[in-house]
Amino acid sequence: MQRAALKLSIAHLYPDLLNIYGDMGNIMALKMRCAWRDIEVEVHNITTGQIINQADYDLFFAGGGQDTQQVIAANELMRNGVELNKAANLNKPMLAICGSYQLFGNYYLTSDNQRLRGISILDVHTQAGEKRFIGNVTATCPFLPIRTIVGFENHSGQTFLGDNVEAFMKVKVGNGNNGADKTEGARYKNVFGTYLHGPLLPKNPHFCDYLIQLALNVKYDCNIPMFPLNDELEYFAHEARICAKY
Ligand code: GLN
């Protein structure tokens with residue numbers, strides 16, 4: 001019996017505002033790693049002014065942005081804050097990178113002292129620091145089959161974790177959330193925030209597949225088998241970025 005085609009609907013939040021340092025590459029990785037497995041994917045760009053119904057989407061992605069764009073993005077995210085929180089509490093996977101990670105938290109105090117309210121999916125808060133953290137990061141992640149995660153950070157924001165969230169990664173080389181507590185990113189249910197650009201998912205195919213697997217399992221309410229891909233090139237790029245000091 002022919003298996004019904006698997007299908008995922010991805011909401012790309014505000015690519016017109018939050019899309020710097022190649023973060024679009026994350027959407028491309030999700031699309032290709034699904035296509036290579038005959039999983040149909042629809043990517044919906046959610047633009048300014050749009051009101052969403054979270055039931056229309058299986059996975060949510062938002063990229064990074066400069067402070068100016070974040071002021072607009074904060075208002076837009078607030079417009080859909082209830083729906084996005086509903087999706088998070090239904091265990092739908094979400095990935096928020098840097099500027100959007102900050103806005104998925106409780107607030108972001110910018111370098112010119114504007115307090116941008118976040119949608120509080122992640123119990124974190126951020127304040128702009130004096131120093132800009134720029135450079136390659138090597139981190140480890142306890143729940144992934146391959147423990148290392150590599151990426152590139154470029155942020156002045158320093159993020160601090162609250163009680164209702166766990167660290168996504170442990171920094172081995174680089175700064176991470178705040179350059180002090182050796183955490184990087186945050187996780188609540190299946191929502192992941194991280195400072196890592198790169199883009200993140202092409203360089204960490206194991207995490208890309210982890211997100212796809214979560215989306216399939218939540219949507220179809222069972223464990224959907226995903227066959228492995230030939231990731232020789234991807235892991236060549238991954239290992240090339242693992243900092244020698246690690
Ligand atoms: N403007 C924020 C900061 O500097 C986020 C930057 C980004 O998304 N790379 O911390």
Side-chain angles (χ1 to χ4, degrees), residues 11-29 45-48 60-78 81 84 94-139 149-162 165 167-169 171 173-187 191-204 207 241:
H12 185 179
L13 301 174
Y14 313 111
D16 48 339
L17 291 169
L18 299 170
N19 187 12
I20 54 178
Y21 310 138
D23 286 342
M24 187 67 188
N26 293 299
I27 290 286
M28 293 159 76
N45 290 339
I46 310 302
T47 52
T48 45
F60 299 78
F61 172 76
Q66 302 303 0
D67 286 17
T68 318
Q69 286 79 15
Q70 283 179 279
V71 173
I72 305 165
N75 293 327
E76 290 304 321
L77 279 167
M78 205 51 74
L84 290 168
M94 299 182 172
L95 176 61
I97 308 276
C98 201
S100 54
Y101 165 34
Q102 296 168 339
L103 297 177
F104 269 49
N106 298 320
Y107 67 84
Y108 169 39
L109 198 59
T110 67
S111 49
D112 56 359
N113 235 12
Q114 290 190 74
R115 185 185 165 107
L116 305 183
R117 211 176 125 213
I119 56 174
S120 297
I121 290 180
L122 295 170
D123 181 16
V124 302
H125 70 273
T126 302
Q127 56 204 44
E130 294 296 318
K131 189 177 170 217
R132 177 163 279 271
F133 295 145
I134 300 179
N136 286 304
V137 175
T138 299
I149 294 262
V150 295
F152 184 82
E153 63 182 337
N154 182 339
H155 56 103
S156 65
Q158 298 179 11
T159 295
F160 300 90
L161 305 183
V165 76
F168 176 177
M169 303 171 221
V171 175
V173 179
N175 297 283
N177 278 327
N178 50 52
D181 66 10
K182 289 292 177 197
T183 66
E184 161 43 30
R187 177 180 192 174
V191 178
F192 301 88
T194 176
Y195 274 112
L196 300 192
H197 301 281
L200 179 71
L201 297 182
K203 286 184 182 167
N204 301 283
F207 181 51
R241 295 304 342 145

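For clarity, every value in this text was computed on a predicted model and none was experimentally measured. Just follow the structure's listing: the first ligand is 1, and inside any ligand the first atom is 1. Along the sequence shown, residues are numbered consecutively beginning with 1.
Put simply, the side chain of Asp16 does not reach to within 4.5 Å of the side chain of Asn45, judged on heavy atoms. With contacts defined as side-chain heavy-atom distances shorter than 4.5 Å, the pair Val150/Val137 does not qualify. In this structure, the side chains of Ile20 and Asn154 stay at 4.5 Å or more apart for every pair of heavy atoms.
Contact residues of ligand 1 (protein heavy atom closer than 4.0 angstrom to a ligand atom; sorted by chain and number): Ile20, Tyr21, Gly64, Gly65, Gln66, Asp67, Gln70, Cys98, Gly99, Gln102, Tyr108, Arg132, Asn154, His155, Ser156, Gly157, His197.
Crowding of Arg187 atom CZ: a count of heavy atoms from other residues, nucleotides or ligands under 6.0 Å exceeding 12.
His197 and Tyr21 have perpendicular rings, their planes meeting at more than 60° on a 0 to 90° scale where under 30° would count as parallel.
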Practice task
Check step by step if side chain to side chain donor-acceptor pair (under 3.5 Å) holds for Tyr195 and Gln102.
Solution key: CA-CA 9 Å; Tyr195 274 112; Gln102 296 168 339; 3.0 Å; yes
